[in-house]
Amino acid sequence: FYRNLGLRLEEAQPTGQGHIDALPWFGKALDALLRSERIELLQDAVTRADNAKRGKPNLTFVPSAVYLQIGRTYQKLSEPQKALAAFERGRELESDPNLLEDLAAEYRQAGEPRKAVMALVEALAVDSSRTRLLPDIGQLYSEIDPSGCAVSRESGKPLPNWECPLVHGDICTASRKVSTSFLHTGQLNEAAAIRKIAIQELGCTAALLQ
């Protein structure tokens with residue numbers, strides 16, 4: 001709610017002054033989000049201890065959503081490094097495709113195309129319907145590997161070449177991260193499904209998915 005008020009001020013005054021007027025609201029939003037984070041972590045500590053007693057260590061139920069919102073608020077406060085740290089913290093908890101897209105955009109802005117493309121490939125691994133990401137992934141690979149095999153061009157657009165060792169390795173690494181994410185949240189069937197797709201359809205080795 002606080003951040004939306006700030007966004008409305010920015011929209012009403014599409015000048016530098018609009019952003020300045022919005023900053024106090026973004027600050028209030030951040031305070032609320034950081035309080036939410038503290039509550040989530042305290043609750044999770046109790047849950048983790050209970051799960052460990054039941055023989056299920058490392059399970060966590062802290063949602064990545066709080067870190068997505070913290071990261072977006074840091075962006076509005078013009079603190080990109082803190083935004084990146086928040087997005088990465090959320091990524092450790094859960095391979096959420098929305099968070100991964102924001103993380104990729106932040107890395108791209110920071111001039112780190114390799115990290116940006118890894119985040120987008122991970123987003124695609126967890127949600128294969130996001131085919132709209134393919135041109136962006138292709139563009140990033142064209143920057144990373146301009147004279148290599150990472151990119152194929154169809155209809156004039158750079159698209160990732162999944163047969164290229166660089167790209168193939170990235171999709172296998174992304175599949176491992178997604179599978180691990182599902183395991184940490186107790187989604188065993190989803191983790192197994194990702195591993196199956198990676199091995200049977202993508203040609204990833206079982207060792208690479210460990």
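If you read the sequence from its start, that first residue is 1, and numbering goes on from there. Here the structure is a predicted model, which means the values were calculated and not measured.
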> What's the verdict on side chain to side chain donor-acceptor pair (under 3.5 Å) for Glu88 and Tyr107, showing C-alpha distance, side-chain angles and the deciding distance?
Replying inline: CA-CA 11 Å; Glu88 282 289 7; Tyr107 272 132; 2.7 Å; yes
> Going only through I, L, V, M, F, W and Y residues with side-chain contacts under 4.5 Å, is there a path from Ile144 to Leu103?
Replying inline: no
>> Applying side chain to side chain donor-acceptor pair (under 3.5 Å) to Asp170 and Tyr141, what does each step give before you reach the verdict?
In response: CA-CA 11 Å; Asp170 285 351; Tyr141 275 125; 2.6 Å; yes
>> Is any side-chain heavy atom of Leu133 closer than 4.5 Å to one of Glu101?
In response: yes
> Of the non-hydrogen atoms in Ser64 and Gly90, which two are nearest, and what is the gap between them?
Replying inline: CB-O, 3.5 Å
>> Let me confirm one number: the CG-NE2 distance from Leu77 to His19, rounded to the nearest 0.5 Å.
In response: 7.0 Å
>> For Arg132, I'd like to know if atom CZ has over 12 heavy atoms of other residues, nucleotides or ligands within 6.0 Å.
In response: yes
> Which pair of non-hydrogen atoms, one from Ala150 and one from Asp145, has the smallest distance, and what is that distance?
Replying inline: N-OD2, 3.2 Å
>> What's the separation between atom CG in Leu30 and atom CD in Glu79, rounded to the nearest 0.5 Å?
In response: 8.0 Å
>> Using a 3.5 Å distance criterion without hydrogens, assess whether the side chain of Ser179 forms a donor-acceptor pair with backbone atoms of Arg176.
In response: no
> When rounded to the nearest 0.5 angstrom, what distance separates CG in Leu5 from CZ in Arg3?
Replying inline: 11.5 Å
> So Arg130 and Leu120, side-chain contact (heavy atoms from CB on, under 4.5 Å) or not? Walk me through it.
Replying inline: CA-CA 10 Å; Arg130 298 195 179 213; Leu120 288 184; over 6 Å; no
> Counting heavy atoms not belonging to Arg114, are there more than 12 under 6.0 Å from its CZ?
Replying inline: yes
>> Grouping I, L, V, M, F, W and Y whenever their side-chain heavy atoms are under 4.5 Å apart, do Leu134 and Val167 come out in a common cluster?
In response: yes
>> Evaluate Val46 against Gln43 for side-chain contact (heavy atoms from CB on, under 4.5 Å), listing each step before the verdict.
In response: CA-CA 5 Å; Val46 175; Gln43 291 176 331; 6.0 Å; no
> Under a 4.5 Å side-chain heavy-atom rule over Ile, Leu, Val, Met, Phe, Trp and Tyr, are Phe182 and Ile197 clustered together?
Replying inline: no
> Looking at His168 and Gly203, what are the two nearest heavy atoms and their distance?
Replying inline: CE1-O, 3.6 Å
> Which pair of non-hydrogen atoms, one from Pro24 and one from Ile20, has the smallest distance, and what is that distance?
Replying inline: CD-O, 3.6 Å
> Heavy atoms, side chains only, cut-off 4.5 Å: are Glu106 and Tyr74 in contact?
Replying inline: no
> Counting N and O atoms only, with roles assigned by atom type, does the side chain of Thr73 sit under 3.5 Å from a partner on the main chain of Gln69, one being a donor and the other an acceptor?
Replying inline: yes
> If you look at every heavy atom in Leu33 and Val66, which pair is closest and at what distance?
Replying inline: O-CG2, 4.0 Å
> When rounded to the nearest 0.5 angstrom, what distance separates CG in Leu188 from CD in Glu190?
Replying inline: 8.0 Å
>> How long is the straight-line distance from OG1 of Thr47 back to CD of Glu40, given to the nearest 0.5 Å?
In response: 10.0 Å
> Ignoring hydrogens and geometry, is there a side-chain-to-backbone donor-acceptor pair from Ser175 to Ile171 under 3.5 Å?
Replying inline: yes
> Hey, what do you get for CD1 (Ile137) to OG (Ser142), rounding to the nearest 0.5 Å?
Replying inline: 12.0 Å
>> With heavy-atom distances below 4.5 Å as the criterion, would you say the side chains of Lys76 and Leu7 are in contact?
In response: yes
>> Apply salt bridge (Lys or Arg N to Asp or Glu O under 4.0 Å) to residues Glu92 and Arg89 and explain how you reach the verdict.
In response: CA-CA 5 Å; Glu92 291 173 5; Arg89 179 71 180 103; 3.5 Å; yes
> What's the verdict on side-chain contact (heavy atoms from CB on, under 4.5 Å) for Leu159 and Val151, showing C-alpha distance, side-chain angles and the deciding distance?
Replying inline: CA-CA 5 Å; Leu159 296 174; Val151 174; 5.9 Å; no
> Minimum heavy-atom separation for Gln139 to Pro158, with atom names?
Replying inline: OE1-CG, 3.7 Å
>> Could you go through Gln109 and Gln75, starting from their C-alpha distance and side-chain angles, then the distance that decides it, and tell me whether this counts as side-chain contact (heavy atoms from CB on, under 4.5 Å)?
In response: CA-CA 11 Å; Gln109 187 68 27; Gln75 286 177 324; over 6 Å; no
> Are Leu202 and Val178 joined in one hydrophobic group, where the rule is that I, L, V, M, F, W and Y side chains link up if heavy atoms are under 4.5 Å apart?
Replying inline: no
> Any link between Tyr67 and Phe26 through a network of hydrophobic side chains (Ile, Leu, Val, Met, Phe, Trp, Tyr) touching at under 4.5 Å?
Replying inline: yes
